[in-house]
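First the proteins, then the strands, lettered A, B, ... as listed; each starts at 1.
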Amino acid sequence: MGHLVLIDGNSIANRAFYALPPLSTSSGLHTNAVLGFTTMLLKVLEEMKPTHLLVAFDAGKVVFRHSEFTEYKAGRAKTPPELSEQFPVLRELLDAFSIHWTELTGYEADDIIGTLTRQADASGLATTVITGDKDMLQLVSQHISVALTRKGVSELEMYDVAAIQEKYGLAPLQIIDLKGLMGDTSDNIPGVPGVGEKTAMKLLHEYGSVESVLENIDAVSGKKLQENLRNNVEQAKMSKTLATIFREAPIEIETEKTTYAGYNGKVLVDFFKKLEFKSLIPKVKVSAEDEAAEEISGEQAPSFTHEVVTLENRDQFAHLLGSPMSFTVELDGENYHRAPVLGFGLASAEKALFVPVDVATGWEAFSAWLGDASMEKIVFDGKKDTVALAWHGLELRGVTLDVYLASYLLNAAESNPTLSDVSALYSELRVASDEEIYGKGAKRALPSAEKLGEHVARKAAALWQSIPAVKREIEAHQLEELLFTLEGPLSLVLAQMEHTGVKVDGSRLEAMGVELDKHLEQLTTQIHEQAGGSFNINSPKQLGEVLFDKLGLPVWKKTKTGPSTSADVLEKLAPYHPIIEMILHFRQLGKLRSTYIEGLLKEIHPRTGKVHTLFNQASTATGRLSSTEPNLQNIPIRLEEGRKIREAFVPSESGWYMLAADYSQIELRVLAHISQDANLIDAFQKGMDIHTRTAMDVFGVAENEVTSLMRRQAKAVNFGIVYGISDYGLSQNLNITRKEAADFIERYFAVFAGVRKYMDDIVKQAKQDGYVTTLLHRRRYLPDITSSNFNLRSFAERTAMNTPIQGTAADIIKLAMIRMQERLQAEGLHSRMLLQVHDELVFEVPENELETMRKIVPEVMAAAIKLDVPLQADVNDGRTWYEAK
DNA sequence: TAACTCACG
DNA sequence: ACGTACGTGAGTTAT
């Protein structure tokens with residue numbers, strides 16, 4: 001005997017849409033409803049193993065019930081565009097699953113399903129209806145059960161006759177009577193006023209049906225209820241009719257036409273790739289027949305075999321080390337400065353190899369191949385490979401394509417792509433995630449030698465296979481230049497910087513730590529005294545209780561979990577109580593101790609006495625770098641006490657100096673260039689202080705009349721402009737009213753009209769294209785720019801304004817870094833580039849190169865690109881990073 | 001693991 | 001009317 005599963009397509013799609021967070025592909029197509037539908041389908045196929053399967057959809061807008069009651073479903077909100085655009089995709093999805101689907105003009109999915117269950121009931125075929133609509137429970141019978149979605153879409157709750165009896169104390173058909181009495185606001189079925197679920201159930205338990213209730217109104221207890229029933233006899237009858245699922249639709253679907261024979265795994269995987277459902281791909285079962293079916297249809301099936309190189313046979317493999325090949329380094333751990341090397345993967349069209357690390361050690365043919373620039377290598381995160389090898393004294397040369405960087409450029413929203421992710425998109429070969437192979441957290445362990453070898457070789461093979469598609473995509477998006485002349489070369493510069501590291505004076509940090517400890521202890525005592533008791537100052541919860549309950553200070557702002565105790569709030573509370581200043585100071589020093597003293601000390605390499613950060617080149621949405629383990633891009637500078645931390649950053653060679661150079665106002669200069677605002681360009685060409693100039697223009701005063709308050713406010717406006725300004729944001733920042741902030745903005749735009757035009761145009765363009773770009777064509781997709789959700793849309797609009805500015809500035813300093821490294825090489829200088837902090841470069845410099853570096857660093861930075869305004873960089877040096885100010 | 005807070009550009 | 005400034009990473013507490 002078979003099993004027929006009928007799915008209420010619209011109901012499930014709606015459920016999925018509202019249950020899942022917004023989600024979209026890199027090209028901006030919303031997919032959350034499709035994703036939810038898909039997980040539900042995979043689960044149903046797995047657990048119910050249907051022999052027959054059909055999905056029913058509502059067709060068109062005219063539903064025959066309208067002719068009976070014009071207000072039917074009038075209360076329902078219009079389907080948002082983010083959902084309606086997913087219905088065609090849903091139909092494609094079902095086709096990819098080889099699942100039959102149907103729609104019938106003038107009928108709703110319920111009616112189609114109702115009719116089919118009637119037919120199925122007659123034939124005695126076991127049937128399950130899947131829906132989110134409780135009304136459907138009326139269809140339950142001996143052979144038919146209904147599965148209701150619960151919490152999202154993939155958890156189902158099964159109802160048969162007994163389950164309905166247990167939950168409602170009613171027979172399935174009485175569900176209709178229940179609706180007739182209580183109504184349904186979501187379908188705009190009126191029911192009887194004053195009758196809710198409780199009353200309706202009570203009436204039905206007593207009388208059995210709407211008709212019977214109406215016949216016995218006089219016997220019903222409750223005067224008000226009697227009156228309501230008497231006044232609404234017709235409405236109750238009509239409500240029952242509306243709630244009744246129509247089971248006589250003029251459709252002929254023979255059971256055989258719904259037969260389900262399963263899907264072709266390859267077809268489904270291809271479809272998932274298109275929708276970027278990467279996490280679902282591993283759940284698809286691809287059978288040998290699927291592969292075969294593909295082959296017959298002409299496509300090449302992915303085949304994978306690999307060989308493991310051993311100490312005994314490695315000489316026979318030497319001649320296979322050719323060009324071009326894909327190459328991967330497998331590490332035991334995330335941090336490639338300290339993770340041991342496990343082995344290497346190599347692949348080309350003919351073969352895939354795994355070279356365990358002990359086999360590679362001392363294998364001259366291999367190290368020669370690695371260092372041979374004429375041997376072309378395709379890598380996945382070549383910076384990682386380069387640094388990992390450098391720690392073992394090996395050099396990697398001849399990298400011609402880095403698929404990791406390519407993937408980041410193709411979609412910066414997908415930060416830190418893994419080889420498993422990327423191969424799912426661009427190659428036929430599946431690669432397990434490292435987590436699947438190694439496990440995670442405490443369960444992490446090395447796999448068996450066989451498993452490891454297969455995994456690594458598979459990575460190399462998938463990397464090889466991804467090359468044509470990746471190259472094609474890069475060309476199609478005009479990203480060749482960005483990849484091959486910017487990010488690729490930059491990764492080598494960064495590799496050198498990371499491997500070189502920055503010397504940190506640990507004993508200096510420790511001494512500062514001792515002072516901080518003393519100070520913090522005093523503050524703790526004072527704060528507890530003021531609070532009248534001991535508590536954990538670091539706990540926002542406990543602190544909140546002390547401040548707002550015990551001391552009765554006013555609540556200024558709330559977070560999700562309680563009153564906010566953030567610094568900007570505390571500053572406003574300072575006048576009320578002396579404890580506030582102490583808390584602010586405690587927070588400031590506590591941060592220094594935990595993050596910058598203890599945190600940094602933990603990261604000092606025991607052998608080199610240096611910190612070796614990881615510059616993440618593929619993690620930000622705008623094209624900036626980020627820095628981790630430790631983060632060297634957020635070392636304190638704004639407050640003097642914190643700035644002292646920089647005294648611990650010193651040159652690694654005695655007698656050398658630290659030298660730092662930073663761009664002056666690079667983002668506003670970029671804005672001047674891309675907006676072509678005449679006034680802003682003029683200000684920079686005249687070499688003026690931009691905030692003073694803005695104050696002059698906005699307040700209409702002469703240069704010598706600009707007060708420090710005016711300059712401070714103008715500066716905040718300039719920041720706001722770069723961030724995609726809003727009056728609210730500016731008012732928060734300047735502690736002024738929204739009205740005053742709006743006034744500032746208006747005056748700013750009156751003078752800098754070109755900037756206003758840029759802001760308007762870039763948002764329009766983003767809406768039209770779905771993405772924005774930087775000067776060097778770096779692209780960021782903004783799927784939310786057309787959202788009907790005000791918040792999401794506004795956020796995307798501000799992002800559209802900010803990203804070209806922040807991203808172009810990032811492009812420029814990256815260019816400067818490459819030029820700078822070339823220049824050091826060309827001039828035979830020994831100075832070393834150590835850090836990049838978004839608009840600043842830090843070097844260590846031998847004394848005899850100081851003069852040269854003071855000259856060429858700002859020169860190279862300023863000349864990195866030619867804009868319609870001059871670029872300017874300022875340079876400073878000293879014995880420590882602190883002194884280079 | 002999420003939420004909060006805070007360091008930087 | 002809606003509720004926020006843009007981009008990051010790390011430490012601590014509470015769940």
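Side chain of A:F790, nearest nucleotide from C:dA10, B:dC6, C:dG3: C:dG3. Distances were taken from every side-chain heavy atom of A:H838 (C-beta onward) to each of C:dA14, B:dG9, B:dT5; the shortest belongs to B:dG9. Of the listed nucleotides (C:dC6, B:dC6, C:dT13), B:dC6 has the atom at the smallest distance from the side chain of A:A567. Ranking C:dA10, C:dT15, B:dG9 by closeness to the A:T595 side chain, first place goes to C:dA10. Distance from the side chain of A:K591 is smallest for B:dA7 among the nucleotides B:dA7, C:dC6, B:dC4. For A:Y728, the listed nucleotide lying nearest its side chain is C:dT4; candidates were C:dT4, C:dC6, B:dA3. In this structure, of B:dT5, C:dT15, C:dT4, it is B:dT5 that holds the atom nearest to the side chain of A:T559.
The aromatic rings of A:F649 and A:W881 lie perpendicular to each other, with more than 60° between the two planes, well past the 30° mark.
OP1 or OP2 of B:dC4 lies within a sub-4.0 Å distance of a side-chain N or O belonging to A:T561. One finds a side-chain N or O of A:S539 lying less than 4.0 angstrom from the OP1 or OP2 phosphate oxygen of C:dA14. Look at A:Q588 and you won't find any side-chain N or O under 4.0 angstrom from OP1 or OP2 of B:dA7. Between B:dC6 and A:R587, a contact under 4.0 Å exists linking OP1 or OP2 to a side-chain N or O.
Look at CZ on A:F535: it is 14 Å from C1' on C:dT13, rounded to the nearest Å. Computed from coordinates, the A:L600 CG to C:dG9 C1' distance equals 14 Å when rounded to whole Å. Put simply, CZ on A:F615 is 16 Å from P on C:dT8, counting in whole angstrom units. Atom CZ of A:R793 and atom C1' of C:dT4 are 14 Å apart (whole Å). For the pair A:I537 CD1 and C:dG11 P, the computed distance is 20 Å after rounding to whole Å. For the pair A:L589 CG and B:dA7 C1', the computed distance is 14 Å after rounding to whole Å. What separates CD of A:E641 from C1' of B:dC8 is a distance of 18 Å, to the nearest Å. For the pair A:E667 CD and C:dA5 P, the computed distance is 17 Å after rounding to whole Å.
For the 3.5 Å distance criterion, the side chains of A:S566 and A:D568 qualify, holding a donor opposite an acceptor. For the 3.5 Å distance criterion, the side chains of A:T622 and A:T803 fail to qualify, holding no donor opposite an acceptor. When only modelled atom types and interatomic distance are considered, A:S664 and A:D874 share no side-chain donor-acceptor pair under 3.5 Å. Using a 3.5 Å distance cut-off with no hydrogens or angles, the side chains of A:D689 and A:T692 do pair a donor with an acceptor. Counted by atom type alone, A:Q836 and A:Q633 present one or more donor-acceptor pairs between their side chains at under 3.5 Å. For the 3.5 Å distance criterion, the side chains of A:S491 and A:Q617 fail to qualify, holding no donor opposite an acceptor.
For the pair A:R738 and A:T799, both in contact range of DNA chain C, the more 5′-proximal nearest nucleotide belongs to A:R738. Taking the nucleotide of DNA chain C with the nearest heavy atom to each of A:Q542 and A:K602, the more 5' of the two is matched to A:K602.
Of the candidates A:M833, A:E498, A:R819, A:M833 is the only one forming a side-chain contact (heavy atoms from CB on, under 4.5 Å) with A:V493.
Shown for residues 616-626 of chain A: residues whose heavy atoms fall under 4.0 angstrom of DNA chain C, namely A:S619, A:T620, A:A621, A:T622, A:R624, A:S626. Scanning residues 629-639 of chain A for heavy-atom distances under 4.0 Å to DNA chain B yields A:Q633, A:N634, A:I635, A:P636, A:I637, A:R638.
The neighbour count for A:K572 NZ, taken as heavy atoms of other residues, nucleotides or ligands under 6.0 Å away, is above 12. Counting heavy-atom neighbours within 6.0 Å of A:K764 NZ, excluding the residue itself, gives a total of 12 or less. Within 6.0 Å of CZ on A:F535 lie more than 12 heavy atoms contributed by other residues, nucleotides or ligands.
A donor and an acceptor atom never sit less than 3.5 Å apart when one is taken from the side chain of A:R593 and the other from the base of C:dG11.
Close placement of the A:H519 and A:H585 rings is indicated, their centers lying within 6.0 Å of each other.
The residue A:N733 sits close to a base: some heavy atom pair falls under 4.0 Å. Looking at heavy-atom distances under 4.0 Å, A:A716 makes contact with a base. Within the 4.0 angstrom heavy-atom criterion, no nucleotide atom of any strand lies near A:D662. Residue A:V722 is classed as having no contact, given no heavy-atom separation below 4.0 Å to the nucleic acid. Counting non-hydrogen atoms under 4.0 angstrom, A:G720 reaches a base of the nucleic acid.
Taking a pair as Watson-Crick or G-U wobble with both distances under 3.5 Å, the runs of three or more consecutive pairs in DNA chain C are B:1-9 with C:6-14.
Taking the P atoms as reference points, C:dT4 lies 15 Å from B:dA3, given to the whole Å. Here the separation of C:dA5 from B:dT5, taken at their P atoms, is 13 Å to the nearest Å.
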Exercise for the section: List the steps, then state whether side-chain contact (heavy atoms from CB on, under 4.5 Å) holds for A:V869 with A:V670. Expected result: CA-CA 8 Å; A:V869 289; A:V670 165; over 6 Å; no
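Both the sub-6.0 Å distance and the 45° axial angle are satisfied by A:R444 relative to the ring of A:Y438.
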